[in-house]
Amino acid sequence: MQTIEPCQLLEWDSQFFGRNIGRVTEHRLEPQNMAAINVWCTDHLIDCLYFLADSDHADTIRLAEDNGFRLVDMRVTLQCRIADWQARAVNGRPSEGCVRPVIPSDVLTLQAIARKSHTDSRFYFDGCFSLERCGALYELWIKRSCEGHADHVLVAELNGQPVGYFSCHRQGAQGQVGLVGMSEEAHGKGMGQYLTHQAMQWFADQSVESVEVVTQGRNIAAQRLYQRCGFLVRSVQLWYHKWMPNCTSREI
Ligand SMILES: CC(C)(COP(=O)(O)OP(=O)(O)OC[C@H]1O[C@@H](n2cnc3c(N)ncnc32)[C@H](O)[C@@H]1OP(=O)(O)O)[C@@H](O)C(=O)NCCC(=O)NCCS
């Protein structure tokens, strides 16, 4: 019988942050697998261990917090069925601006927006990853999305300039939102909502039946945006990070 490792090494994250980073395989903890996790971390010289916990399992939360894991994010997954979105029949085009597919000359501007936009994410909140690395992570993410990692990227344009992005992924009838961001000057003008509706139209055109998006519990702007467009909460999980030894400043 094949034994499942208690954790897995995250090679991409480890290389990007220059530290050994792993992730707990399961979403629940028991006292006996806590011991196995600690041994695995020692054997793999782990600096930082991520753990995505089921938020409704009290023993898991207690064990995580008693064993040095720090809460860094509430991961909120929202879902919208395309049929429900179509029944709402609103796409609220704002009085200014437009939405169009990305073109190669947008990429540098979108990278600059991404560098500043995702400060609610767990990497910033962790407090040990440097602001430079956090910004670089999202800069690289949007660049790769535009280069074909995403199935479709839409750009919001205001006064002839790109001001926001929305990346879409598709697997059969299931759609997944990738990265969404809007430059600060364009916030609160309804562009986010228009961009989301245009993305939902693209998903509908691809015969997608249901779309999921993940955001942070602390990100009220994003939650209101998706709720306005018909998304409902599907799950809430808790992201924990554990640093070994304990980390107290943005030194990574
Ligand atoms: C989330 C985001 C894309 C919204 O873009 P936007 O163009 O400002 O959105 P809209 O103008 O269409 O407004 C959509 C909703 O967000 C709300 N909103 C916008 N900025 C807000 C803020 N700073 N605080 C609280 N709500 C905010 C609006 O009030 C609106 O909700 P309402 O209709 O109930 O009032 C934008 O705030 C952003 O880029 N944030 C940083 C990146 C991010 O969080 N991306 C999503 C990660 S999943």
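Each ligand, and each atom within it, is numbered from 1 in the order the structure gives. This one's a predicted model, so the numbers in the text were calculated from it and none came from an experiment. In this chain, residues are counted from 1 in sequence order.
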Exercise. Is it true that Glu132 and Arg115 make a salt bridge, defined as a side-chain N closer than 4.0 Å to a carboxylate O?
Worked result: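 Yes, charged N to carboxylate O under 4.0 Å.
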Problem set entry | Short N-O contact, Arg218 and Asp120, less than 4.0 angstrom | no
Sub-4.0 Å heavy-atom contact, [X] with ligand 1:
X	value
Val177	no
Tyr194	no
Asn219	yes

Exercise. Taking the six-membered ring of Phe203 as reference, does the NZ or CZ atom of Arg170 fall below 6.0 Å from its centre and within a 45° cone about the axis?
Worked result: no
For this session: Please determine if Gln193 has a nitrogen or oxygen closer than 3.5 Å to a nitrogen or oxygen of ligand 1.
Result: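 There is such a contact, yes.
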Return the residue, atom name and 0.1 Å-rounded distance of the protein heavy atom closest to [atom].
atom	answer
atom 38 (C) of ligand 1	His187 NE2, 3.4 Å
atom 45 (N) of ligand 1	Val180 O, 2.8 Å
atom 20 (N) of ligand 1	Ala221 CB, 3.7 Å
atom 8 (O) of ligand 1	Gly188 N, 2.7 Å
atom 41 (C) of ligand 1	Ser117 O, 3.2 Å
atom 5 (O) of ligand 1	Gly192 CA, 3.9 Å
atom 39 (O) of ligand 1	Met182 N, 2.8 Å

Exercise. With distance as the sole criterion, is a donor-acceptor pair present between the side chains of His149 and Trp141 under 3.5 Å?
Worked result: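 Side chains of His149 and Trp141: no pair found under 3.5 Å.
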For this session: Decide whether Tyr138 and Ser121 meet the rule of one side-chain donor and one side-chain acceptor closer than 3.5 Å.
Result: yes
Exercise. Does ligand 1 have a heavy atom under 4.0 Å from the side chain of Phe166, from its backbone, from both, or from neither?
Worked result: neither
Exercise. With a 4.0 Å heavy-atom cut-off (strictly under), which part of Gln216 contacts ligand 1: side chain, backbone, both or neither?
Worked result: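 Gln216 to ligand 1: no contact under 4.0 Å from either part.
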For residues 232-240, tabulate all N or O donor-acceptor pairs below 3.5 Å that involve a side-chain atom, not counting sequence neighbours.
residue, atom, partner, partner atom, Å
Arg234, NH1, Glu212, OE2, 2.1
Gln237, OE1, Arg75, NH1, 3.3
Tyr240, OH, Glu65, OE2, 2.8

Exercise. For Tyr50, what residues pass the ring pair (Phe, Tyr, Trp, His ring centres under 6.0 Å) criterion, not counting sequence neighbours?
Worked result: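 Applying ring pair (Phe, Tyr, Trp, His ring centres under 6.0 Å) to Tyr50 gives His241.
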For this session: Could you tell me whether atom 28 (C) of ligand 1 has a protein heavy atom closer than 4.0 Å?
Result: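 Protein heavy atoms within 4.0 Å of atom 28 (C) of ligand 1 - there are none.
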For this session: State the atoms of ligand 1, each with its element, that fall below the 4.0 Å cut-off from a heavy-atom position in Met191.
Result: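 Listed by number with element: 7 (O), 12 (O).
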